[in-house]
Number of protein chains: 2
Amino acid sequence: MASHHSQPELKKNQKLVFDVLKDAANPLSAYSILDLLRGEGFRAPLQVYRALDKLVEFGLVHKLETLNAFVACSHDDCALSEPAAFMICDACESVSELGDASLSSHLGKLANTENFALKHTTVELHGRCKNCL
Amino acid sequence: MASHHSQPELKKNQKLVFDVLKDAANPLSAYSILDLLRGEGFRAPLQVYRALDKLVEFGLVHKLETLNAFVACSHDDCALSEPAAFMICDACESVSELGDASLSSHLGKLANTENFALKHTTVELHGRCKNCL
DNA sequence: TCAAAAATGTTATGTTATTACATATCAATT
DNA sequence: AATTGATATGTAATAACATAACATTTTTGA
């Protein structure tokens, strides 16, 4: 039976990767995920990268470009409105995902000004979180 | 003799790498730079990465995190005020560097709101430039 | 000149990601 | 149930990006 939600049911490997990311306190690299899933039969990086590609496409997982690592989406569903920004603590590696509409709008206007057809935005803020000052 | 400018004189390898980036139409990967400088005696990636580290520190070069590539700063000097954003055309790979003060200010406020001590921002916008629509 | 610091050279290795190709699973139709 | 086509998975090899460790040279400044 098909889900009544907007997301398709996850396949076996997608589910395994997603669950690892959901349980993680911090972002994980693809190779960390691979190691965590060796017990489930994972043998090769591609098994992880293929699952990640789909999860990112579904908006369930985001890639942090400045860390080469991945996090589960902290919202119910980011498929429609991509997150505005990530704040990444360089001390504890915690990440918070921000959905700031006015930032998104600002970036959209900036692109319009330059006649740039905006497809995707990457905003990553590094520093110290309130617990690590 | 020391320079009267805020930047130190560039060392031999730094100058070679910087000049390659200045002349490039598009961002270059470290390994592309290495290949372009083999004729000047470069043999190993570290020669490039070490020069890039310094050039980035001086604000003369920026790393594009979403491309794993580097560009020469399009301003005279970004050492003091880091660039607000990069617009990257996925078709022609052209990059334009934007110094949008209100964006920087917006990001600063966002961090303040969360009691986050902001150190560095990465903003990269992907899409199609006006010439590639 | 001398010592400390910075820059460079070189080899090896570590880390991240993709190509290429084979096989399996699933869903829709005949 | 068999056929087909699309999607997902398995596996090996390799490409692409980046750093560790150590030796040597150059630069800087006391």
Side-chain angles (χ1 to χ4, degrees), chain A residues 1-3 7-21 24 26-58 60-71 88 90 93 122 124, chain B residues 1-5 7-21 24 26-58 60-71 88 90 93 122 124:
Chain A
M1 161 191 170
S3 167
Q7 299 306 333
E9 299 294 338
L10 296 183
K11 301 304 176 183
K12 182 180 162 224
N13 287 0
Q14 293 164 11
K15 179 98 170 60
L16 287 167
V17 169
F18 184 56
D19 286 347
V20 162
L21 284 173
N26 294 324
L28 296 176
S29 72
Y31 278 73
S32 301
I33 295 169
L34 173 58
D35 286 340
L36 289 168
L37 289 175
R38 291 206 187 269
E40 307 291 335
F42 274 46
R43 312 285 302 277
L46 200 48
Q47 295 175 288
V48 177
Y49 281 109
R50 286 201 278 227
L52 286 171
D53 282 349
K54 287 295 182 183
L55 292 168
V56 168
E57 182 186 324
F58 299 156
L60 296 173
V61 164
H62 304 297
K63 178 173 184 180
L64 299 174
E65 298 286 349
T66 53
L67 297 178
N68 294 318
F70 300 84
V71 287
I88 302 163
D90 295 328
E93 292 224 291
T122 297
E124 299 181 17
Chain B
M1 162 190 168
S3 168
H4 62 285
H5 298 103
Q7 300 305 334
E9 300 294 337
L10 296 183
K11 300 303 175 183
K12 181 179 163 227
N13 287 0
Q14 293 162 12
K15 180 96 171 59
L16 287 167
V17 169
F18 185 57
D19 286 347
V20 162
L21 284 173
N26 294 326
L28 296 176
S29 73
Y31 278 71
S32 300
I33 296 168
L34 173 58
D35 286 340
L36 290 168
L37 289 175
R38 289 202 188 272
E40 305 292 335
F42 274 46
R43 312 286 300 277
L46 253 194
Q47 295 175 287
V48 178
Y49 281 108
R50 286 201 277 228
L52 286 171
D53 282 348
K54 287 296 180 182
L55 292 168
V56 168
E57 182 186 323
F58 299 154
L60 295 173
V61 164
H62 305 297
K63 178 174 186 179
L64 299 174
E65 297 286 348
T66 54
L67 297 179
N68 294 318
F70 300 83
V71 286
I88 301 163
D90 295 327
E93 292 224 289
T122 297
E124 299 180 16

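Throughout, a chain's letter reflects where its sequence line sits, starting with A, and its residues are numbered from 1. Remember, predicted model here, so these are calculated numbers, not experimental data.
Residue B/K54 has a polar side-chain atom (N or O) positioned under 4.0 Å from OP1 or OP2 of C/dA7. A sub-4.0 Å separation between OP1 or OP2 of C/dA17 and a side-chain N or O of A/N68 is present. Regarding contacts with the backbone of D/dA18, a side-chain N or O of B/K63 is found under 4.0 angstrom from either OP1 or OP2. Between B/K15 and C/dT8 there is no side-chain polar atom (N or O) within less than 4.0 angstrom of OP1 or OP2. OP1 or OP2 of C/dG9 sits under 4.0 Å from a side-chain N or O of B/Q47.
What separates CD of A/E9 from C1' of C/dT25 is a distance of 16 Å, to the nearest Å. Summarising the geometry, the separation between CZ on B/R50 and P on D/dT26 is reported as 15 Å, rounded to the nearest angstrom. Taking atom CG of B/L34 as the reference point, atom P of C/dT8 lies 15 Å away to the nearest angstrom. Going from atom CG of A/D53 over to atom C1' of C/dA17 covers 10 Å, rounded to whole Å. B/L10 places its CG atom 16 Å from the C1' atom of D/dT26, with the value rounded to the nearest Å. Put simply, OH on A/Y49 is 19 Å from C1' on D/dA8, counting in whole angstrom units. Look at CD on B/Q14: it is 16 Å from P on D/dT26, rounded to the nearest Å. At whole-Å resolution of the value, CG in A/L16 and P in D/dA8 are 15 Å apart.
Between the B/E40 side chain and the B/L37 main chain, no donor and acceptor come within less than 3.5 Å of each other. Side-chain atoms of A/Q14 come within 3.5 Å of backbone atoms of A/K11 as a donor-acceptor pair (strictly under, hydrogens ignored).
Closest to the A/P45 side chain, of the nucleotides D/dG10, C/dT10, C/dT18, is C/dT18.
No side-chain heavy atom of B/L10 sits less than 4.5 Å from a side-chain heavy atom of B/L16.
Of the N and O atoms on the side chains of B/E124 and B/T66, at least one donor lies less than 3.5 Å from an acceptor on the other residue.
Residue whose closest nucleotide on DNA chain D sits further toward the 5' end, between A/R43 and B/A69: A/R43. Positionally, the nearest nucleotide of DNA chain C for A/L67 lies more toward the 5' end than for the other of A/L46 and A/L67. Take the nearest nucleotide of DNA chain D for B/S32 and for A/N13: the residue whose nucleotide is more 5' is A/N13.
Below the 3.5 angstrom threshold, one finds no donor paired with an acceptor across the side chain of B/Y31 and the base of D/dA15.
Residue contacts for B/A44: at a heavy-atom cut-off of 4.0 Å it reaches a base atom on one of the strands shown.
From A/L28, atom CG reaches atom CD of A/E93 across 9.5 Å, with rounding to the nearest 0.5 Å.
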